[in-house]
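Side chains are part of it too, since the values below use all heavy atoms of this structure and drop only hydrogens, waters and symmetry mates. Lettering of chains follows the sequences in order, A, B, ..., and the numbering in each one begins at 1.
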Amino acid sequence: MKAAIVIFPGSNRDRDMAVAIRQSFGNYPIIIWHKETEIPKVDLIVIPGGFSYGDHLRSGAISALSPVMRTVEMQARKGVPVLGVCNGFQILTETGILPGILMRNIELKFVCKTIRLKVENSSGIFTAGYTSGQILSLPVAHNDGSYFADNDTLNRLEDRDQVAFRYIRTEGVLFGNPNGSMRDIAGIYNDNKTVLGLMPHPENAIYPFNGKADGQIFFDNLVSSL
Amino acid sequence: MRVTVYIKIKPEVLDPQGTAIARALSDLGFAGINKVRQGKIIEIDLDKTNAIKAVSDTESMCERLLANTIIEDYSISIGE
């Protein structure tokens, strides 16, 4: 079991991701600089969180043009599993590997907290370790996490069970949905469920001793489903 | 030749920054602010003299990078 993490100038969750992957996979992932055009044969490609290119123009827009993303696109098309977390999700939407876009948080504030979310779909490789409807606590830390797509796209995502995670609205709180995402979407699959993008950070919830281990299951599950 | 690209959030897409600006303008005492929409202006100094070619190149820039047409509309104007 081998993973590769692609890094850009401004990536900053790559080490957290590497630690989470090592804990579950038993080995350290390969790190690929964004100027590379080749990715060795791996079981999983990860685009980590951060602020690549300082979020200039739009989050993920400049990184989407990096040479390595052409390779990621090709590998994704061949069915190699790809995971994009936070800025990684933004980059995947900007390349068009995933539909929609992540816009500025609706309350115009950087949101950094632990949120509750629901597993909408446990049939994909990244969510098979959970049960559908299971409630998780995972941290979010982003400025541009408001998922937007037109109604046709949103309907299609729902019809094809591509919504992987949703924020849970809490009674009396304006947004249990922390950023104003349409239909409370926190994470989506591509149409054959081999690519997942999500705003919450499973890699930052991997230790039971600090009470946040819902992300550990995410990575442990990958060992059996990849 | 200078080309100016105007990028606006599509009318049907929520623009929380525009809403915040509208609120702030009202707080400053400006009456009758109905709505504010904000966007970006990008000025490009182009090494071209043919306006038609300049526009078609800039359109291509907008489609490939400058605008995300899921949420943004763009228009192009040629100056100087």
Side-chain angles (χ1 to χ4, degrees), chain A residues 52-53 55-67 69-70 73 89-111 142-157 174-175 177-185 188 197, chain B residues 2-30 33-47 54-79:
Chain A
S52 59
Y53 287 98
D55 284 347
H56 296 327
L57 193 64
R58 295 177 308 276
S59 300
I62 311 283
S63 306
L65 301 178
S66 282
M69 288 312 295
R70 300 287 76 76
E73 220 172 342
F89 186 12
Q90 294 160 344
I91 294 168
L92 289 175
T93 58
E94 281 286 345
T95 54
I97 296 173
L98 289 174
I101 180 172
L102 284 313
M103 296 182 68
R104 180 63 44 89
N105 293 346
I106 194 161
E107 292 188 313
L108 304 174
K109 288 182 186 121
F110 188 91
V111 180
H142 59 250
N143 204 33
D144 298 321
S146 182
Y147 184 75
F148 178 89
D150 60 41
N151 272 323
D152 288 348
T153 306
L154 291 168
N155 291 339
R156 200 165 55 241
L157 285 173
L174 182 56
F175 292 108
N177 170 342
N179 49 38
S181 283
M182 301 197 93
R183 303 195 192 178
D184 303 326
I185 286 173
I188 55 165
Chain B
R2 188 154 78 185
V3 179
T4 307
V5 178
Y6 300 89
I7 297 167
K8 284 198 301 188
I9 305 248
K10 287 184 175 176
E12 67 272 23
V13 177
L14 201 65
D15 175 17
Q17 294 183 82
T19 309
I21 294 166
R23 209 179 305 130
L25 289 174
S26 298
D27 290 349
L28 282 173
F30 291 99
I33 306 280
N34 294 321
K35 197 176 190 182
V36 174
R37 305 285 289 176
Q38 52 82 47
K40 294 172 199 157
I41 293 180
I42 299 172
E43 287 180 343
I44 304 165
D45 198 340
L46 261 182
D47 187 18
V55 168
S56 75
D57 280 4
T58 309
E59 270 170 7
S60 170
M61 293 176 204
C62 287
E63 291 292 331
R64 294 180 61 186
L65 175 65
L66 301 181
N68 186 315
T69 54
I70 298 172
I71 52 160
E72 292 167 333
D73 289 327
Y74 62 85
S75 59
I76 296 164
S77 87
I78 298 249

Practice task
List the steps and the verdict of side chain to side chain contact (heavy atoms under 4.5 Å, CB included) for B:Ile70 and A:Asp150.
Solution key: CA-CA 8 Å; B:Ile70 298 172; A:Asp150 60 41; 5.9 Å; no

Handout entry: Pairs satisfying salt bridge (Lys or Arg N to Asp or Glu O under 4.0 Å), at least one member in residues 92-105 of chain A, at least two apart
Key =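 Found A:Arg58-A:Glu94, A:Arg104-A:Asp144.
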
Practice task
List for me each residue that meets side-chain contact (heavy atoms from CB on, under 4.5 Å) alongside A:Thr93, sequence neighbours excluded, and say none if there are none.
Solution key: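 For A:Thr93, the residues satisfying side-chain contact (heavy atoms from CB on, under 4.5 Å) (neighbours in sequence not counted) are A:Phe89, A:Leu98, A:Leu102.
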
Exercise for the section: To the nearest 0.5 angstrom, please state how far the CG atom of A:Leu108 sits from the OG1 atom of B:Thr19. Expected result: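 With rounding to 0.5 Å, CG (A:Leu108) is 8.0 Å from OG1 (B:Thr19).
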
Exercise for the section: Please round to the nearest 0.5 Å and tell me the distance separating atom CD1 of B:Ile71 and atom OG of A:Ser146. Expected result: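 Nearest 0.5 Å value for the CD1-OG distance: 9.5 Å.
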
Handout entry: chain B contact via A:Met103 - side chain, backbone, both or neither, heavy atoms under 4.5 Å
Key =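 Only the side chain of A:Met103 comes within 4.5 Å of chain B.
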
Practice task
Could you tell me which residues in residues 55-64 of chain B have at least one non-hydrogen atom under 4.5 Å from a non-hydrogen atom of chain A, sorted by residue number?
Solution key: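 Residues in range: B:Arg64.
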
Identify every side-chain donor-acceptor pair in residues 35-42 of chain B under 3.5 Å, counting partners at least two apart or on other chains, and give the distances.
unit_1  : atom_1 : unit_2  : atom_2 : d
B:Arg37 : NH1    : B:Val13 : O      : 3.2
B:Arg37 : NH2    : B:Ile9  : O      : 3.4
B:Arg37 : NH2    : B:Lys10 : O      : 2.6
B:Arg37 : NH2    : B:Val13 : O      : 2.8
B:Gln38 : NE2    : B:Asp15 : OD1    : 2.8
B:Lys40 : NZ     : A:Leu57 : O      : 2.8

